[in-house]
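Shown next, in structure tokens, is the structure this report addresses.
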Amino acid sequence: MKFILSLMSIILYTLFISSLVVSIAADKSSNSQFQSLSHEETIVSPNGVFELGFFPLGNSNKSYLAIRYKNYSDETFVWVANGSYPINDSSAKLTLHSSGSFVLTHNSNQVWSTSSLKVAQNPLAELLDSGNLVIREKSEANSEDKEEYLWQSFDYPSNTMLAGMKIGWDHKRKLNRRLIAWKSDDDPTPGELSWEVVLHPYPEIYMMRGKEKHHRLGPWNGLRFSGMPEMKPNPVFHYKFVSNEEEVTYMWTLQTSLITKVVLNQTSLERPRFVWSEATASWNFYSTMPGEYCDYYGVCGGNSFCSSTASPMCECLKGFTPKSPEKWNSMVRTQGCGLKSPLTCKSDGFAQVDGLKVPDTTNTSVYESIDLEKCRTKCLKDCSCMAYTNSNISGAGSGCVMWFGDLLDIKLYPDPESGQRLYIRLPPSELDSIRPQVSKIMYVISVAATIGVILAIYFLYRRKIYEKSMTEKNYESYVNDLDLPLLDLSIIIAATNKFSEGNKIGEGGFGSVYWGKLPSGLEIAVKRLSKNSDQGMSEFVNEVKLIAKVQHRNLVKLLGCCIKKQEIMLVYEYMVNGSLDYFIFDSTKGKLLDWPKRFHIICGIARGLMYLHQDSRLRIIHRDLKASNVLLDDTLNPKISDFGVAKTFGGENIEGNTTRIVGTYGYMAPEYAIDGQFSIKSDVFSFGVLLLEIICGKRSRCSSGNQIVHLVDHVWTLWKKDMALQIVDPNMEDSCIASEVLRCIHIGLLCVQQYPEDRPTMTSVVLLLGSEVELDEAKEPGDFPKKESIEANSSSFSSTNAMSTTLLTAR
Ligand SMILES: *[C@@H]1O[C@H](CO)[C@@H](O)[C@H](O)[C@H]1NC(C)=O
Ligand SMILES: *[C@@H]1O[C@H](CO)[C@@H](O)[C@H](O)[C@H]1NC(C)=O
Ligand SMILES: *[C@@H]1O[C@H](CO)[C@@H](O)[C@H](O)[C@H]1NC(C)=O
Ligand SMILES: *[C@@H]1O[C@H](CO)[C@@H](O)[C@H](O)[C@H]1NC(C)=O
Ligand SMILES: *[C@@H]1O[C@H](CO)[C@@H](O)[C@H](O)[C@H]1NC(C)=O
Ligand SMILES: *[C@@H]1O[C@H](CO)[C@@H](O)[C@H](O)[C@H]1NC(C)=O
Ligand SMILES: *[C@@H]1O[C@H](CO)[C@@H](O)[C@H](O)[C@H]1NC(C)=O
């Protein structure tokens, strides 16, 4: 009896406490809870992140019942109730019915409604800080199971994916949550582009354009989506994919206070992610999918693979050959490849290929409980099974997935670690040539041969015979390989007014740059290699090779090239505003760049460099980042240019050593200037210097009397004394926001630290610039090379920076 009494008192006490909590919670967030909403009212989430109301879109007088960010100067919606129904007056009203459903009425018409998952007792509508509009029971405010909503807007997404939102299927409710693009930026009517989970035996997320597949992420392989190697565990995003009897869903959550959204865009046919930048008070572009040629669905046809670092990018799988060689060679790849010789079924074997995004999984079977050996046996027994591999690559790998029919939309990553292994069925005749032992020997021989060829070329090059013997024909066939448009010389001559002096806009170690206008009206910049240039040719070829393969909005775009009689010309999009040094080091032009613009430029350069380092699959180290190599377009977007001395790396090999140091003093990391060691971290160093230059409006090296003063040292000295704001360019004093500028200086100082391992990667820099994440304390910046001795050796060094590339030989 006593026991029961005490139990009851505990229960009563608990009830009392919880009712107290309910009433407190209700009081605190009463602003976010409502029963009905008229045209003039808005509902704000508890911490003021989102608002719900009837909001106009663009300049029209039409409004929509929508949710949008409240504080992030964002006119666009993250959710809209009915995008096909614009409301043209103020008579609309949203009502929560006692059954637990919303009804939106306008001019006494029912425009939109919801249905409740179960019969409601005492329903309540609430806008949450996640951007989710929910209907729940009043009494469930503190219930453990927050997911028990009668209805939630997250189940009916518009074109925007927010943190915590699930995309995919709820099997019980037969509900498919998918993103659907708007028709256009100012018309939220559903467009034809969608992003959704498709329920194959091995489920995948597709971007669909109407009925056509536009892009696919690849299936979830236990660690990530097969087509997204960059989806590694990181301190910012947490990715979660669930596939079981109840649901097949994908979502991401945030582990920091970052404000970010993913928006499906019908105009660009992409799915970009944006990150809110406090400093510029704008949404900054972060990344997008599809990001490169090979990400578009099936560009190479069946039984082939696409590799963005190869040229041409499409190649048949081992043992396969183009079905129509003629069409294939004229780059019509839709027919794809077929087997060289037919399968025998019983005596077939498998070729192992590494580093892949696995093929489209429409025609697959998955067996989660069998291992790779059994998978092989099973595949071999079924004559229509074309390939197999582990369905889960986590740990040592487990499960079995088998493909039937043509293998579609395979992508090859340069770094085998980024992709997966696939076993492809081949007839015995094709397997003979790739038996492991033989192939190993072949590999050794071919590597040796390659090294031999490289050495030979190198020595030829040393004697300058190489360049002279490179005839027009050589170049042409070489450039043909790059899938780069060839422009006719006569067009370029006409466009540049016969390379007249008046059209010349620049001059460097390589030759001259001319402005021109094509008949279409497009303005171009033509980089012309001077015939007597000593160093130019190899750098030129290097530049073509690299830049033809990289495409990013913060990298200057190569439109085509032109070859005539041992002369090469590269044709770029023209940047109206010239280079950054022209602005920041000029006391009058500097006024045109206020702080928000400068910050925008800093972020753009950071993203361009991040793309080079991480996202382009090529892993490019620029090696000569500086103000004069950053160009500005008509809206002052920065674009990194001049890839003449850039280096590429495959995989994790992201360091190199050279005896030929190229770059520009003042921007060079100590380990590179002194020991010739370069890495992505030496680019980060240059970025840090450039960032500080942009803030200070001063060159990294300037002479004061007889002394050479280093900007970085100067900033560091003031930073230690808490007086860093003294160095801010007087031209942007009015527009500068002290806390933001200080944060940027801090990031700059982190980038120029002495030891490469202390410096952040560009991925971190981009995140740090766009968020409020706490920064590490900066250590002392790197020593600059002792100027006098090197300068004595360097005849081409110029403190005014007119020369594009400074060439030096290491001691
Ligand atoms: C939104 O802005 C207002 C005023 O500018 C500010 O008081 C409020 O704290 C901000 N809320 C959030 C969530 O940032
Ligand atoms: C919006 O309404 C105002 C006043 O009712 C009117 O003057 C204006 O022309 C309208 N604009 C459009 C785009 O319909
Ligand atoms: C609003 O649109 C309805 C039809 O959707 C139309 O009947 C009505 O006249 C319009 N009202 C105004 C003020 O334009
Ligand atoms: C949105 O409004 C249109 C036009 O009135 C209507 O046909 C459609 O059914 C509505 N959509 C939803 C989801 O209620
Ligand atoms: C993949 O395998 C790992 C380790 O064996 C396991 O923890 C994980 O749950 C598996 N994932 C899936 C999606 O089956
Ligand atoms: C969609 O893409 C177009 C073209 O790139 C761009 O102008 C527009 O701003 C984008 N819209 C959104 C909402 O990002
Ligand atoms: C799947 O198999 C069907 C029937 O054989 C075929 O028509 C379809 O093209 C295949 N799809 C893919 C993506 O392989």
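For ligands, and for the atoms within them, numbers begin at 1 and follow the listed sequence.
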Counting from 1 in the order shown, the ligand 7 atoms closer than 4.0 Å to a non-hydrogen atom of T362 are 13 (C)

With heavy atoms of D360 as the reference, note each atom of ligand 7 found under 4.0 Å away.
-> 13 (C)

How far is [atom] from its nearest protein heavy atom, and which residue and atom is that?
{"atom": "atom 5 (O) of ligand 7", "value": "N363 ND2, 4.8 Å"}
{"atom": "atom 1 (C) of ligand 5", "value": "N392 ND2, 1.4 Å"}
{"atom": "atom 4 (C) of ligand 5", "value": "S394 OG, 3.7 Å"}

Side chains of T288 and E270: is there a donor and an acceptor less than 3.5 Å apart?
-> yes

Check whether any heavy atom of D185 sits under 4.0 Å from an atom of ligand 6.
-> yes

contact_flag W182 ligand 6 heavy-atom lt 4.0 Å = no

Can the positive tip of R553 be found less than 6.0 Å from the middle of the six-membered ring of F285, inside 45° of the ring normal?
-> yes

Ignoring angles and geometry beyond distance, decide whether W220 reaches within less than 3.5 Å of ligand 5 through its nitrogen or oxygen atoms.
-> no

Hey, what do you get for CZ (F154) to CZ (R177), rounding to the nearest 0.5 Å?
-> 11.0 Å

Right, does atom 11 (N) of ligand 5 have protein non-hydrogen atoms nearer than 4.0 Å?
-> yes

Just go through N265, L269, L264 and tell me whose heavy atom is the nearest to atom 2 (O) of ligand 6.
-> N265

Counting each atom of ligand 6 from 1 as listed, which ones have a heavy atom of S268 under 4.0 Å away?
-> 2 (O), 5 (O)

Ring centre gap for F274 and W283 strictly below 6.0 Å = no

Polar proximity ligand 7 side, K213 side, N/O cut 3.5 Å exclusive = no

Give a yes or no on whether R209 atom CZ has more than 12 heavy-atom contacts from other residues, nucleotides or ligands under 6.0 Å away.
-> no

